[in-house]
Amino acid sequence: QVQLVESGGGSVQAGKSLRLSCAASGSTYRRICMAWFRQDPGKAREAIASIVAGGTNTYYVDSVKGRFTISSDSTKNTLYLQMNNLKPEDTATYYCAASAVSRYYSGNCAPPIMYTFWGQGTQVTVSS
């Protein structure tokens, strides 16, 4: 089991920045993938960025490339999402997710990795 707790959401104006954090606990797995998803009401949940915990190989969906940065601090068991130049279309509930993978896994944790552990979500609202 992996427990995930997000923080850092809020309301900002377009062009501003926010940093989301996701504190992970309880993992006994050798290697886990971690990702940020977001979901608007009435829309499917979308994977926007992913990384192997403690790793550097990353995935970004096209809509956030160049603006968002995912990172992982294994010493703090924390996943981050630095979001710069926010746009109104970034408004959504953001979720942290994790999935155990093989200790030999060397990818960037992008879909179709199936994520099985989820945080409760944190709201990000961007006004124009």
Side-chain angles (χ1 to χ4, degrees):
Q1 281 287 353
V2 180
Q3 289 77 45
L4 303 170
V5 179
E6 303 101 333
S7 60
S11 297
V12 296
Q13 289 189 321
K16 299 296 187 182
S17 299
L18 280 175
R19 188 175 81 156
L20 305 183
S21 299
C22 173
S25 62
S27 174
T28 59
Y29 302 107
R30 279 251 187 131
R31 182 164 293 228
I32 60 172
C33 279
M34 299 195 75
W36 288 99
F37 287 71
R38 67 185 180 188
Q39 186 171 25
D40 249 350
K43 294 185 180 179
R45 192 171 294 189
E46 173 187 41
I48 60 170
S50 61
I51 190 171
V52 168
T56 57
N57 192 5
T58 56
Y59 159 80
Y60 297 97
V61 71
D62 285 347
S63 59
V64 307
K65 280 181 183 176
R67 300 188 299 122
F68 291 11
T69 303
I70 189 172
S71 61
S72 169
D73 186 340
S74 58
T75 65
K76 297 181 179 179
N77 290 327
T78 301
L79 179 73
Y80 301 100
L81 185 69
Q82 178 66 42
M83 304 185 294
N84 297 329
N85 189 22
L86 282 159
K87 303 176 179 181
E89 51 264 41
D90 294 318
T91 295
T93 301
Y94 284 70
Y95 297 90
C96 173
S99 176
V101 293
S102 164
R103 63 177 174 162
Y104 303 111
Y105 179 81
S106 60
N108 60 9
C109 300
I113 291 284
M114 295 297 292
Y115 285 84
T116 52
F117 304 107
W118 294 86
Q120 80 287 354
T122 185
Q123 180 66 35
V124 171
T125 302
V126 184
S127 58
S128 56

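Source: prediction; values computed, not measured. Residue indices begin at 1 and follow the sequence shown.
At least one side-chain heavy atom of S72 sits under 4.5 Å from a side-chain heavy atom of L79. A 4.5 Å side-chain heavy-atom check between I48 and Y94 finds at least one atom pair inside the cut-off. The side-chain heavy atoms of W36 and M83, taken from C-beta on, include no pair separated by under 4.5 Å. Looking at Q123 and T91, their side chains come closer than 4.5 Å, going by heavy atoms from C-beta outward. Side-chain atoms of R38 and S63, non-hydrogen and from C-beta on, do get closer than 4.5 Å to each other. Side-chain contact check for V2 versus Y29: some heavy-atom pair is nearer than 4.5 Å.
If you take CD on Q1 and CZ on F117, they are separated by 5.0 Å, rounding to the nearest 0.5 Å. One distance of note links CG of D90 with CG of D40; it measures 10.0 Å at 0.5 Å rounding. Within the model, atoms OG1 of T125 and CG of L86 stand 10.5 Å from one another, a figure rounded to the nearest 0.5 Å. Here NZ of K65 is found 7.5 Å from OH of Y59. Values are rounded to the nearest 0.5 Å. Atom CD1 of I70 is separated from atom CD of Q82 by 12.5 Å, given to the nearest 0.5 angstrom. One finds the CD atom of Q39 at 7.5 Å from the OG1 atom of T93 (value rounded to the nearest 0.5 Å).
Around atom CD of Q120, more than 12 heavy atoms belonging to other residues, nucleotides or ligands sit under 6.0 Å away.
Between F37 and Y115, the two ring planes are perpendicular [angle over 60°; tilted spans 30° to 60°].
Under a 3.5 Å cut-off, the side chain of S50 and the backbone N or O of C109 do form a donor-acceptor pair. Distance alone, capped at 3.5 Å, places no donor-acceptor pair between the T116 side chain and the S99 backbone.
Of all the heavy atoms in E6 and Y95, the pair that sits closest is OE2-CA, 3.3 Å. Closest heavy-atom contact between S27 and I32: OG-CG2, 4.0 Å. Between S127 and P88 the shortest heavy-atom distance is C-CG, 4.5 Å. Listed here is the closest heavy atom pair of N85 and S17: N-OG, 4.2 Å.
No single ILVMFWY cluster, assembled from side-chain heavy atoms under 4.5 Å apart, contains both W118 and L4. By the criterion of side-chain heavy atoms lying less than 4.5 angstrom apart, applied directly or through intervening Ile, Leu, Val, Met, Phe, Trp or Tyr residues, Y105 is not grouped with M34; the two fall into different hydrophobic clusters. Linking Ile, Leu, Val, Met, Phe, Trp and Tyr whenever their side-chain heavy atoms come within less than 4.5 Å puts L81 and V126 in one cluster. Y60 and V52 fall into different hydrophobic clusters, defined by Ile, Leu, Val, Met, Phe, Trp and Tyr side-chain heavy atoms under 4.5 Å apart, directly or through other members. By the criterion of side-chain heavy atoms lying less than 4.5 angstrom apart, applied directly or through intervening Ile, Leu, Val, Met, Phe, Trp or Tyr residues, V61 is not grouped with I113; the two fall into different hydrophobic clusters.
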